[in-house]
Peer 1: 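Shown below is the structure under consideration.
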Amino acid sequence: MYSSFVPPRQVRIGDAAAFVGTTPRAIRHYHEIGLLPEPVRGGDGRRRYGYEDMIRLLWIRRTADAGIALDDIRDAFADPAPADTAGAAGDDGIASILERLEETLVAQEGELRRQRTAVQRMRTEGSRMGLLSDFVTGRLKSLPEGSLRQADLDTLLVTERILGPLGAAVQAGRFIALATHPDLREESDRVDAAEEALDDTVAVDDPRVARVAAERHAFEEALHAFIEDSGLAASDDALFDSWDALHPAAADEGAGADESGRGSGRGHEFMNVIEAIGKMPYDFSPARLRCMELAEELAAHEV
């Protein structure tokens with residue numbers, strides 16, 4: 001006895017989409033890109049989908065849900081093999097695509113783990129401190145919370161971009177001294193303010209330029225002497241040893257820098273110093289630039 005229910009031999013696009021779990025618009029797109037052959041049309045001009053069409057739609061839906069690109073699915077189904085071997089050949093194509101997909105997902109997982117670690121560091125260290133590498137923040141951990149200024153961290157971020165973690169970690173000694181000794185910080189602020197006052201209204205030969213340059217030189221000498229006496233300079237030497245231990249290949253090549261003068265670091269690209277000068281803007285007036293030149297000349301005469 002036959003069942004009173006007789007399944008249709010063909011269905012319209014709406015029924016096909018509902019059964020597969022997609023939309024008529026998606027099926028039309030499959031036709032447009034050659035993923036699904038055009039089915040026969042009924043007397044009313046509308047598409048009619050049979051059993052083989054539905055099987056193909058189900059495979060398309062499942063493989064697309066797995067993350068395989070539609071173009072790759074189309075290539076896997078585009079099988080010129082004879083009918084008796086078409087199934088195996090199609091499976092080989094899909095297997096190859098799945099292998100590539102898995103490799104991509106593994107790479108994405110690695111990148112997501114890296115991003116999550118970076119976000120966790122920023123939350124733990126504080127958003128700006130967490131932007132610096134572990135090698136730099138490791139030297140700053142002993143400082144009281146809030147003792148570093150935003151400008152200090154900004155400077156370290158720029159230095160790390162140019163010279164890498166080792167250069168920034170060495171420079172961190174300067175900010176450790178300023179953060180832990182109010183007198184030095186106060187004098188630093190005073191000299192910084194004097195330099196900032198050398199704006200575009202000040203001529204390069206204004207006597208203030210040479211006076212501020214002398215003040216900058218005197219401050220840098222005092223800061224350097226404090227760093228030497230406090231033992232921070234010895235810590236700098238230890239930093240180089242630690243860096244060499246972490247990056248023996250870089251140490252063998254010569255202090256962690258390649259022939260182009262790029263800074264030491266791993267996981268990031270660091271710019272050539274000359275390249276950085278032309279790409280990192282600083283709004284310095286001619287008078288301030290002249291002040292910097294004079295301060296450098298004074299330092300050179302001390303050597």
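Residue numbers count from 1 along this sequence. Computed from heavy atoms alone, side chains included, the values below leave out hydrogens, waters and symmetry copies.
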Peer 1: Answer with yes or no whether the side chains of Glu160 and Ser133 bring together a donor and an acceptor at under 3.5 Å.
Peer 2: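 A donor-acceptor contact under 3.5 Å links the two side chains.
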Peer 1: Quick one: which of Val158, Leu157, Leu153, Thr159 gives a side chain to side chain contact (heavy atoms under 4.5 Å, CB included) with Thr155?
Peer 2: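 One option only clears the test, and that one is Thr159.
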Peer 1: Would you indicate whether Glu186, at its atom CD, is surrounded by more than 12 heavy atoms from other residues, nucleotides or ligands within a distance under 6.0 Å?
Peer 2: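 Check fails, neighbour count at 12 or below.
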Peer 1: Taking all non-hydrogen atoms of both residues into account, name the closest pair between Gly173 and Leu232 and its distance.
Peer 2: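 So the two residues come closest at O-CD1, 3.7 Å.
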Peer 1: Any idea which heavy atoms bring Leu184 and Phe219 closest together, and the distance?
Peer 2: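 Closest approach of Leu184 to Phe219: O-CE1, 3.5 Å.
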Peer 1: Which pair of non-hydrogen atoms, one from Ala177 and one from Ile227, has the smallest distance, and what is that distance?
Peer 2: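 It is CB-CG1, 4.3 Å.
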Peer 1: Rounded to the nearest 0.5 Å, how far does CG of Leu70 lie from CD1 of Ile60?
Peer 2: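 Nearest 0.5 Å value for the CD1-CG distance: 8.0 Å.
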Peer 1: Search all heavy atoms of Val170 against all heavy atoms of Arg139 and return the closest pair with its distance.
Peer 2: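 So the two residues come closest at O-NH1, 3.4 Å.
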Peer 1: Drop me the distance from Asp53's CG to Leu58's CG, to the nearest 0.5 angstrom.
Peer 2: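 Taking CG in Asp53 and CG in Leu58, the distance rounds to 11.0 Å.
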Peer 1: Please report, to 0.1 Å, the donor-acceptor pairs under 3.5 Å made by any side chain of residues 10-26, with sequence neighbours excluded.
Peer 2:
unit_1: Thr23; atom_1: OG1; unit_2: Ala26; atom_2: N; d: 3.0

Peer 1: For Ile27 and His31: C-alpha separation, side-chain torsions, deciding distance, then whether side-chain contact (heavy atoms from CB on, under 4.5 Å) applies.
Peer 2: CA-CA 6 Å; Ile27 294 178; His31 291 312; 3.7 Å; yes
Peer 1: Are any of the side-chain nitrogens in Arg290 or Glu297 under 4.0 Å away from the carboxylate oxygens of its partner?
Peer 2: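 A salt bridge links Arg290 with Glu297.
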Peer 1: Can you tell which of Leu132, Val136, Thr137 makes a side chain to side chain contact (heavy atoms under 4.5 Å, CB included) with Asp134?
Peer 2: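 The single option meeting the side chain to side chain contact (heavy atoms under 4.5 Å, CB included) with Asp134 is Thr137.
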Peer 1: More than 12 heavy atoms of other residues, nucleotides or ligands under 6.0 Å from CG of Asp283: is that the case?
Peer 2: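 Check fails, neighbour count at 12 or below.
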Peer 1: Is it the case that one hydrophobic cluster holds both Trp59 and Tyr51, taking links as side-chain heavy atoms less than 4.5 Å apart, direct or via other members?
Peer 2: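 Yes; Tyr51 is reachable from Trp59 via cluster members.
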Peer 1: Given the rule that I, L, V, M, F, W and Y join up when any side-chain heavy atoms are under 4.5 Å apart, are Tyr30 and Ile55 in one cluster?
Peer 2: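 Yes, Tyr30 connects to Ile55 through the hydrophobic network.
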Peer 1: How many angstroms lie between atom CZ of Arg190 and atom CD of Glu195, to the nearest 0.5 angstrom?
Peer 2: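 Reported value, rounded in 0.5 Å steps: 10.5 Å.
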Peer 1: Show the numbers, then the answer: is there a side-chain contact (heavy atoms from CB on, under 4.5 Å) between Val40 and Tyr49?
Peer 2: CA-CA 7 Å; Val40 297; Tyr49 296 86; over 6 Å; no
Peer 1: Nearest 0.5 Å please: distance from the OG atom of Ser142 over to the CD1 atom of Ile176.
Peer 2: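 So the gap between those two atoms works out to 5.5 Å.
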Peer 1: Any side-chain heavy atom of Arg56 sitting closer than 4.5 Å to one from Glu52?
Peer 2: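 Arg56 does not reach Glu52 side chain to side chain.
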Peer 1: Below 4.5 Å, heavy atoms only, C-beta onward: do Glu293 and Val209 meet side chain to side chain?
Peer 2: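 Side chain of Glu293 against side chain of Val209, heavy atoms only: no contact under 4.5 Å found.
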Peer 1: Would you call Asp189 and Arg149 a salt bridge, taking side-chain N to carboxylate O under 4.0 Å as the test?
Peer 2: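 A salt bridge links Asp189 with Arg149.
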Peer 1: Can you sort out the partners of Phe135 under ring-ring contact (aromatic ring centres under 6.0 Å, His included), two or more places apart, ordered by chain and number?
Peer 2: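 ring-ring contact (aromatic ring centres under 6.0 Å, His included) list for Phe135, sorted by chain: Trp243.
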Peer 1: Before you tell me yes or no, could you show the steps for Arg216 and Asp192 under salt bridge (Lys or Arg N to Asp or Glu O under 4.0 Å), namely the whole-Å CA-CA distance, both residues' side-chain angles and the distance that decides it to 0.1 Å?
Peer 2: CA-CA 8 Å; Arg216 167 58 68 185; Asp192 288 345; 2.6 Å; yes
Peer 1: Just how far is it from atom CD of Glu220 to atom NE2 of His224, taken to the nearest 0.5 Å?
Peer 2: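 It is 10.5 Å, given to the nearest 0.5 Å.
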Peer 1: How far apart are the closest heavy atoms of Ala168 and Leu156, and which atoms are they?
Peer 2: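 Reported closest heavy-atom pair: O-CD2, 3.3 Å.
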Peer 1: Salt-bridge test for Asp71 and Arg74: reply yes if a basic N is under 4.0 Å from a carboxylate O, no otherwise.
Peer 2: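 Judged by the 4.0 Å cut-off on N to carboxylate O distance, Asp71 and Arg74 do form a salt bridge.
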Peer 1: Would Arg46 and Arg41 count as a side-chain contact (heavy atoms from CB on, under 4.5 Å) here? Give the steps.
Peer 2: CA-CA 5 Å; Arg46 296 182 178 179; Arg41 293 180 180 264; 5.6 Å; no
Peer 1: Over all heavy atoms of both residues, which pair between Ala203 and Ala287 is shortest? Give the atoms and the distance, please.
Peer 2: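 In this case the closest contact between Ala203 and Ala287 is O-CB, 4.0 Å.
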Peer 1: Measure the shortest side-chain to side-chain distance between Val191 and Glu187 over non-hydrogen atoms and say whether it is less than 4.5 angstrom.
Peer 2: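 Yes, at least one pair of side-chain atoms sits under 4.5 Å.
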Peer 1: Any side-chain heavy-atom pair from Pro39 and Arg48 closer than 4.5 angstrom?
Peer 2: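 When only atoms from C-beta onward are counted, Arg48 and Pro39 do not touch, as no gap falls below 4.5 Å.
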Peer 1: Can you find a pair of side-chain heavy atoms, one from Thr201 and one from Ser285, that are under 4.5 Å apart?
Peer 2: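 No - every pair of side-chain heavy atoms lies 4.5 Å or more apart.
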Peer 1: Hey, what do you get for CG (Leu36) to NE2 (His29), rounding to the nearest 0.5 Å?
Peer 2: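 Output value for this atom pair is 11.5 Å.
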Peer 1: Do Val212 and Leu294 land in one hydrophobic cluster if side-chain heavy atoms of ILVMFWY residues count as linked below 4.5 Å?
Peer 2: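 Yes: a chain of side-chain contacts under 4.5 Å links Val212 to Leu294.
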